[in-house]
Enquirer: 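Quick one: this structure, given as structure tokens, is what I'll be asking you about.
Source: prediction; values computed, not measured. Computed from heavy atoms alone, side chains included, the values below leave out hydrogens, waters and symmetry copies.
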There are 2 protein chains.
Amino acid sequence: MSSNDHQPKQQKPSLSRERVVAAAIAILDGEGENALTFRALAKSLSTGSGAIYWHVADKRTLLAAATEHVLSEAIAQSGRGTHPADAVRDVALGVFDVIEAHPWVGTELAREPWQPAMTTLFEKISAGFDAMGVPRSALFYCGSALVQYLLGFAAQAAAAARHDFQSQDRTEVLTTLVARWTQGEPADYPYVHLLADELRSHDEREAFLAGLDLILAGARNLQG
Amino acid sequence: MSSNDHQPKQQKPSLSRERVVAAAIAILDGEGENALTFRALAKSLSTGSGAIYWHVADKRTLLAAATEHVLSEAIAQSGRGTHPADAVRDVALGVFDVIEAHPWVGTELAREPWQPAMTTLFEKISAGFDAMGVPRSALFYCGSALVQYLLGFAAQAAAAARHDFQSQDRTEVLTTLVARWTQGEPADYPYVHLLADELRSHDEREAFLAGLDLILAGARNLQG
DNA sequence: ACCTGAACACCGTTCAAGT
DNA sequence: ACCTGAACACCGTTCAAGT
């Protein structure tokens, strides 16, 4: 059509599993979980939807691969800290940060908790508890408890992000939540009403760390 | 066809929100989460799929109503115990038992944590922590931490149940999980390999209670 | 070996038409 | 007011046909 038609044709880069996963992550981050369909993915990769199946087995696998991509590096690099408890905190905060940045990771973890990266996480956490002096017989329970706390946060954060994404208004979402929260009679729900303001104004990271410290304190309590 | 054809025609009971929810629960319990479709539901109620929309707004609402139905009663009746910590344990165990009996409740909680029944749960838990002597300023964090631990268990239990449901063989599922679990080099994952046997043989209820006690011990630690 | 895109099976949801 | 069931829009996935 135009005069620069004769410049070398844009070499279409061939598809690969990495490019598919990268495109999936871009859609998930930019347009939300519901926007990820094989048709949308094919369009963003300028290919047919069937082509994707040559590189990933199905949507579950694709979601797992995307999760693994953003999670594994964060977990691998985490775990620093002079005291063992700090190292455990650092690992947990690594996951926290990933979920804040990519809420769909929270959805995926809540649905399919045992991603490969979670094994690395369990390893690091167990090492931390061991270094804290937790007896061998309690290591598994401590690790499991921390993982489950993490998964619970993931579920809650992902649900909140999904609602935010729909209404584009964080304050409105929180107001709605607090309204439902305080729907019961104050006489029947004194603590809920007492703590409703904190629900509205709490800092997620601070609450996350406070809960983490509860588990760490409980674990410290198990020292021989 | 047969001679008792002239008995009074089976009076077809009219539809209602309760009957729809009850039928949904029956499908979820009996045939699994994937079996719940509006077509299957309509068939089991001997009606058209459009009729259901007269009683429930959409599938999300239906799932929430089903969850509320099995969860609210369990939570309302729980919370007994002579010591405050026992009362908190009792509430948490109530949810544990519901999820063991109806794994789809775990999926739903992991996806949509703030069901109405969860407000009652938060109320009871907060009362327990207060009675344990947790300072007012830490009540919200303690309650949130316990809820998130519960949600994490819900996610994990539901995922396990989904896998069990597919392969009809709990041992096989566990073997596969442990195999993936111990896939890494023993030198790189010493704790994972050390604890793999416990992953295979652990009692869910015991592990759940052990994690719960970690949080309770941490909370007790906050006493003024 | 890898890509194309129409076709298939199956959803949730709507709605004109009935009673 | 409530029910019926075909129709619609939209999925994930498959597959014959191409290169």
Enquirer: Contact list please: residues 23-33 of chain A against DNA chain C, heavy atoms, distance less than 4.0 Å, in numerical order.
Expert: none
Enquirer: Can you list everything that forms a salt bridge (charged side-chain N to carboxylate O under 4.0 Å, His left out) with B:Asp58? Sequence neighbours excluded, please.
Expert: none
Enquirer: Could you give the CZ-to-C1' distance, from B:Arg19 to D:dC3, as a whole number of Å?
Expert: 13 Å
Enquirer: In whole Å, what is the span from the CG atom of B:Leu41 to the P atom of D:dC3?
Expert: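 Distance check: B:Leu41 CG to D:dC3 P gives 13 Å.
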Enquirer: Under 3.5 Å, sequence neighbours excluded: what are the donor-acceptor pairs made by side chains of residues 87-96 of chain B?
Expert:
unit_1	atom_1	unit_2	atom_2	d
B:Arg89	NE	B:Asp213	OD1	2.8
B:Arg89	NH1	B:Asp86	OD1	2.8
B:Arg89	NH2	B:Asp213	OD1	2.9
B:Asp90	OD2	B:Gly79	N	2.8
B:Asp90	OD2	B:Arg80	N	3.1

Enquirer: Between side-chain atoms of residues 113-120 of chain A and protein atoms elsewhere (two or more places apart, or another chain), which donor-acceptor pairs fall under 3.5 Å?
Expert:
unit_1	atom_1	unit_2	atom_2	d
A:Thr119	OG1	A:Pro116	O	3.4
A:Thr120	OG1	B:Tyr189	OH	3.0

Enquirer: Restricting to side chain to side chain contact (heavy atoms under 4.5 Å, CB included), what partner residues turn up for A:His102, sequence neighbours left out?
Expert: A:Asp29, A:Val70, A:Val98, A:Trp104, A:Val105
Enquirer: Test of understanding: with side-chain hydrogen bond (donor to acceptor under 3.5 Å, both in side chains), list the residues that count as partners of A:Thr107, not counting sequence neighbours.
Expert: A:Glu33, A:Arg162
Enquirer: Which atom pairs, one a donor and one an acceptor, fall under 3.5 Å between side chains of residues 142-156 of chain B and the rest of the protein, sequence neighbours left out?
Expert:
unit_1	atom_1	unit_2	atom_2	d
B:Ser144	OG	B:Phe140	O	2.9
B:Gln148	NE2	A:Gln156	OE1	3.1
B:Tyr149	OH	B:Phe208	O	2.8
B:Gln156	OE1	A:Gln148	NE2	3.1

Enquirer: Restricting to side chain to side chain contact (heavy atoms under 4.5 Å, CB included), what partner residues turn up for A:Asp97, sequence neighbours left out?
Expert: A:Arg205
Enquirer: Does A:Arg39 have any salt bridge (charged side-chain N to carboxylate O under 4.0 Å, His left out) partners at least two apart in sequence or in another chain, and if so, which?
Expert: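 With sequence neighbours excluded, A:Arg39 shows a salt bridge (charged side-chain N to carboxylate O under 4.0 Å, His left out) to no residue whatsoever.
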Enquirer: To the nearest 0.5 Å, tell me how far A:Glu108 CD sits from A:Thr67 OG1.
Expert: 4.0 Å
Enquirer: Please encode protein proximity along nucleotides 6-15 of chain C as a string of B, S and -, counting only heavy-atom distances under 4.0 Å.
Expert: BB---BBBBB
Enquirer: Just need the stems in DNA chain C: three or more back-to-back Watson-Crick or G-U pairs, each with both distances under 3.5 angstrom, sorted by first number.
Expert: C:4-8 with D:12-16, C:12-16 with D:4-8
Enquirer: Show every ring pair (Phe, Tyr, Trp, His ring centres under 6.0 Å) that has at least one partner inside residues 49-71 of chain B, sequence neighbours left out.
Expert: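 Checked against ring pair (Phe, Tyr, Trp, His ring centres under 6.0 Å) - neighbours excluded - the pairs reaching residues 49-71 of chain B are B:Phe38-B:Tyr53.
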Enquirer: Roughly how many Å is it from NZ in B:Lys43 to P in D:dG5, rounded to a whole number?
Expert: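 In whole Å, D:dG5 P lies 13 Å from B:Lys43 NZ.
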Enquirer: At under 4.0 Å, does any side-chain N or O of B:Trp54 touch on OP1 or OP2 of D:dC2?
Expert: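 Yes, B:Trp54 has a side-chain N/O under 4.0 Å of OP1/OP2 on D:dC2.
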